[in-house]
J.: 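The following block contains the structure, expressed as C-alpha cells.
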Amino acid sequence: MKPAKLFLPAILLAALVALGTTAGAIAQDDEKVVLTVGNPGKLDSPNVTVGVTIEAYELWNLHYATLTDKAADDFATIPGLAESWEGSDDGLTWTYTLREGLQWSDGTPLTAEDVAYTVNRSRDEEWINHSATTLNLEASAPDERTVVLVSKVPDPKLPTMDVYIVPKHVYEDISADEITKYPGLDFVGSGPFTLVEVKSGQFWRMAANPNYWGGRPEVDEVVFRTFNNADAMVAALRAGEIDIAQDVPEEGFLALQNEDGIVTVEGLQGGFDELALNAGAGFGKPHPALLDIEFRKAIAHAIDRETIVERVYAGIGQVGTTISPSADPKWIPELTPDEIFEFDLEKSKQMLDAAGYTDSDGNGIREHEGEDISLRYALRTESQVSEPTYEFVSGWLEEIGIDTQTKAYDDSQLTEVIGKGEYDLFTWGWTPFVDPDPLLSYFTCDQVSTDPENPTDYYNDASWCSEEYDRLYKEQNTELDPERRLEIVHEMVKLFYLDAVYFPLQFGGDLQAYRTDRFEGWVKQPAETGPVIFSNTSPSYASLVPIAGGGADGGLSTAAIVALAIAGAAVIGLVVVVVRRRGTREERE
C-alpha cells in the first residue's frame, strides 16, 4: 500500500501563521538587526569533518573563511584569507601571503600555522569535505603570514584553495579517534558570522563576527529556522515572520511570483535531483537483481523524466540527462540518441523478459531465483518532491512487474542508511562545486563504505565502483590542458551514466523568495542566474544592508523562535494525532 500524502488543514496552517505573527511581535523590542531564513531542511552537523547536507555547507560558508575566495559574478578565484599568491614555474609549488592582523572570532591570531595544520591533517585523516582538494598537498608555514603548498602532482585546481580552514588551537585537542564524533560547537570561526547556538530540528543562530577580515557585517544575527512544512514556511514569508525562504515548493513559488513586496529567485548553479540505485560495491548489499546491468537498464527505460519535471516540479527546470559535476554546464556531456535511456515501458518489459525475470505465478510481480522482486525505496521526509516522485516511479515499476516497499527517513537518518548500504532506491540531489573534481571524486571506489562499524564514506551514494572511472579520475585530476581535461570528464560522466545506477531526473535551480521591505543588497552567485543564498560561497549575508524604516530590527529573537518552535510542535502534534486517528479508522473500515 502506498502511503497517503500528509497535509495541514487550513485552520491549523492559519494557527501556525498566527503563532509566527505573535513571535514577530515579541521580537519588536529587540534592538539587534536579525535576518531570519526559512528552510525545510535540517542541519546534520556543524562538524566540518562529517556534515554533508547543504545546510551544513551554508553554515560553514559563513563560519569559516578560506585561503582563496570566489567572485560572486563568475566564480573567479579572488583573495580570501590570502591577499596574494604566486606559483613556481612547474606549477607544483604555490606560495600564499596572508592578510595582516587576521584573528579568529575569539581573538586568537589566525596564522599560516592554522592553514598548514588544516591542509595536512585533513589529508592524513581524509576528511570528507577536504580530502578531494588536499589529498596530494603538503603545507608548511615559514612564518605567520606565509603558506607554502607543494603538490605531488600537477593540480588543475590550484591556486584555488577553498577548503574551510579550522582553528588549530581548538582542533589540536581533538584526537583522530574523536574527530568524527565531535559536535562542532566550539563557536570559533573566521567568517563574517560565527555559530552561537543550535537547537536541533528547530533553528541555528549565527552572530556577526567583529574580527572578520572583510569588516563586521551590518546584520547582527542570522537565524536559520527549520520548517517541517514548506507551506507553513511560505505563509511565514507572506506574514513577515521570516525574511527569505529557501527551497520553496514549486506551487508556492509560482504563487509568490505574483505578490507585491516579494521577489522570487530560481537560482541556477548546476544542481540536479536524481534517482539512485544501490550498485552493491559496499558492505550493505542491494536486492541481487540490481547487480545485473540489464535489470538496471530496464529500470532506466521505465522512468519518464519529462512527466516528473512537469508533474512533480510544476514544469520548473529541465529534464535531466547525466550528472552535472559543476556549476558550469560545459562539463555535462552530450549524449547520442542511442545512449539516452528513453522512456519506453514496452522496451523495459522486453529487456526483463530477455534477462529471465518473469512472473511465473501470475501475481504481477517478476521473480529473481523464484522470489518476488521487491525493492526497498527510501523516502526523504525533508523533501517536497520525494514522495510525489515515488508515486510516479513506483507506478511505472509496478507496470513492468517490480514491487517497491517504502520507508521514510529524515536526511541524517538517510545519510546513515546510505553509508550502510541498507537501501535499493532513493531520490536526493546535489549542488556541485565550481571545479568538477570534488563531485567526481565522490563516485570513486574509495568513497564506497566498507566498514560496517563506521560507515563514514557517505558520498558514494550509489555504492558504485569502476576501475576505469577511477583511472580517468586520476588522469583528469592532474591534467593541466583545459580542453583535454574537459574530454576526460565527459568520458567519466558518460561511463557513470551508461552503467545505469544514477538517473538525474531534473536540472533545476534553488527556488527562493525574499521580502523587499527589510534588507537590500542581495547578491546572486553567479550573476544573473544564481541563487542569493545557499550558493557556492554565500556572499549575500555580509553584503546586506537594513532598509531604513523597513523593520529589519523586527526579525525573530531567539526567545521568540524557541516559543514559536514549541507552539508549532504542539500544532504539528495535533496534526499527527488527527492523521493517525484517520488512518486507524480507515484500516478498521
Side-chain angles (χ1 to χ4, degrees), residues 3 39-60 122 125-132 174 176-185 198-202 204 226 228 247 273-287 290 375-387 389-390 404-431 438-439 441-465 501-502:
N39 177 50
K42 294 178 182 177
L43 174 67
D44 59 341
S45 175
N47 182 347
V48 74
T49 72
V50 297
V52 296
T53 63
I54 193 171
E55 287 76 23
Y57 274 94
E58 191 74 348
L59 185 159
W60 301 327
S122 66
E125 297 178 6
E126 297 184 354
W127 294 355
I128 59 174
N129 295 310
H130 289 65
S131 61
I174 307 168
D177 292 335
E178 298 171 332
I179 193 69
T180 59
K181 302 178 180 66
Y182 179 57
L185 300 177
V198 177
K199 294 290 184 182
S200 181
Q202 299 177 23
W204 73 92
T226 302
N228 292 322
D247 202 12
D273 286 351
E274 82 285 342
L275 173 68
L277 307 183
N278 185 342
F283 61 85
K285 297 303 180 184
H287 189 286
L290 288 175
L375 304 181
R376 300 165 295 176
Y377 197 123
L379 294 176
R380 287 182 62 215
T381 59
E382 294 172 42
S383 166
Q384 302 302 306
V385 299
S386 180
E387 184 173 338
T389 298
Y390 163 74
T404 54
Q405 298 292 325
T406 65
K407 189 171 182 179
Y409 305 92
D410 65 27
D411 285 355
S412 295
Q413 292 169 331
L414 183 54
T415 298
E416 184 173 350
V417 166
I418 290 169
K420 293 181 178 179
E422 297 173 346
Y423 69 96
D424 290 321
L425 307 92
F426 68 87
T427 53
W428 208 333
W430 289 99
T431 300
L439 194 135
S441 74
Y442 301 156
F443 302 104
T444 56
C445 295
D446 64 2
Q447 288 295 310
V448 176
S449 289
T450 56
D451 182 0
E453 301 301 322
N454 187 30
T456 56
D457 295 326
Y458 299 129
Y459 280 139
N460 192 332
D461 54 8
S463 292
W464 181 76
C465 175
V501 294
Y502 223 69

J.: Looking only at heavy atoms, which two atoms of A462 and V501 are closest? And how far apart?
T.: CB-CG2, 4.1 Å
J.: Go through it in stages, so that I can follow the logic: the residues are K407 and R376, the test is side chain to side chain contact (heavy atoms under 4.5 Å, CB included), and I'd like the CA-CA distance, side-chain angles, deciding distance and then a yes or no.
T.: CA-CA 8 Å; K407 189 171 182 179; R376 300 165 295 176; over 6 Å; no
J.: Looking at D410, is its backbone amide N or carbonyl O close enough to the side chain of Q413 to form a donor-acceptor pair, meaning the two atoms are under 3.5 Å apart?
T.: yes
J.: Applying side chain to side chain contact (heavy atoms under 4.5 Å, CB included), run through E274 and W428 and close with a yes or a no.
T.: CA-CA 6 Å; E274 82 285 342; W428 208 333; 3.7 Å; yes
J.: Can you name the closest pair of heavy atoms from P286 and G280 and give their distance?
T.: CD-CA, 3.5 Å
J.: Under the side chain to side chain donor-acceptor pair (under 3.5 Å) rule, what do T444 and D446 come out as? Steps first, then yes or no, please.
T.: CA-CA 6 Å; T444 56; D446 64 2; 2.8 Å; yes
J.: Roughly how far, to the nearest 0.5 Å, is CG of N39 from CD of E382?
T.: 9.0 Å
J.: May I ask you to decide if G421's main-chain N or O and N278's side chain share a donor-acceptor pair within less than 3.5 Å?
T.: yes
J.: A side-chain contact here means heavy atoms from C-beta on lying under 4.5 Å apart; do D411 and R380 qualify?
T.: yes
J.: Working to the nearest 0.5 angstrom, can you tell me the gap between Q447 CD and D461 CG?
T.: 11.0 Å
J.: Tell me if a side-chain donor or acceptor on N129 pairs with a main-chain N or O of V52 at a distance below 3.5 Å.
T.: no
J.: What are the two closest heavy atoms between L43 and A56, and how far apart are they?
T.: CD1-CA, 3.5 Å
J.: Start with the C-alpha distance between S463 and Y423, add both sets of side-chain angles, then the distance that settles side chain to side chain contact (heavy atoms under 4.5 Å, CB included), and finish with yes or no.
T.: CA-CA 10 Å; S463 292; Y423 69 96; 3.5 Å; yes
J.: Any side-chain heavy atom of H287 sitting closer than 4.5 Å to one from D424?
T.: yes
J.: Considering only heavy atoms from C-beta outward, does the side chain of S449 approach that of F283 to under 4.5 Å?
T.: yes
J.: Quick one: pull up OG1 in T53 and CG in L414 and give me the separation to the nearest 0.5 Å.
T.: 12.0 Å
J.: Could you grab the distance from atom CD of Q405 to atom CG of L425, nearest 0.5 Å is fine?
T.: 12.0 Å
J.: Would you call the rings of Y502 and F443 parallel, tilted or perpendicular, where under 30° means parallel and over 60° means perpendicular?
T.: perpendicular
J.: Using modelled atom types only, decide if a donor and an acceptor are shared between the side chain of T381 and the backbone of Y409 within a distance under 3.5 Å.
T.: yes
J.: Ignoring hydrogens and geometry, is there a side-chain-to-backbone donor-acceptor pair from S131 to I128 under 3.5 Å?
T.: no
J.: How long is the gap from CD on E387 to OG1 on T406, to the nearest 0.5 Å?
T.: 8.0 Å
J.: So, for S45 and V50, which heavy atoms are closest and what is the spacing to 0.1 Å?
T.: OG-CG2, 3.6 Å
J.: Does any N or O in the side chain of N47 come within less than 3.5 Å of the main-chain N or O of I179, such that one atom is a donor and the other an acceptor?
T.: yes
J.: Search all heavy atoms of P46 against all heavy atoms of L59 and return the closest pair with its distance.
T.: CB-CD1, 4.3 Å
J.: Evaluate the criterion side chain to side chain contact (heavy atoms under 4.5 Å, CB included) for residue pair T49 and Y182; output intermediate values, then yes/no.
T.: CA-CA 9 Å; T49 72; Y182 179 57; over 6 Å; no
J.: Is the shortest side-chain heavy-atom distance between Y390 and T404 below 4.5 Å?
T.: yes
J.: Rounded to the nearest 0.5 Å, what separates atom CG in L277 from atom CG in L375?
T.: 8.5 Å
J.: Could you tell me which non-hydrogen atom of W204 sits nearest to which non-hydrogen atom of E55, and how far apart they are?
T.: CH2-CB, 3.7 Å
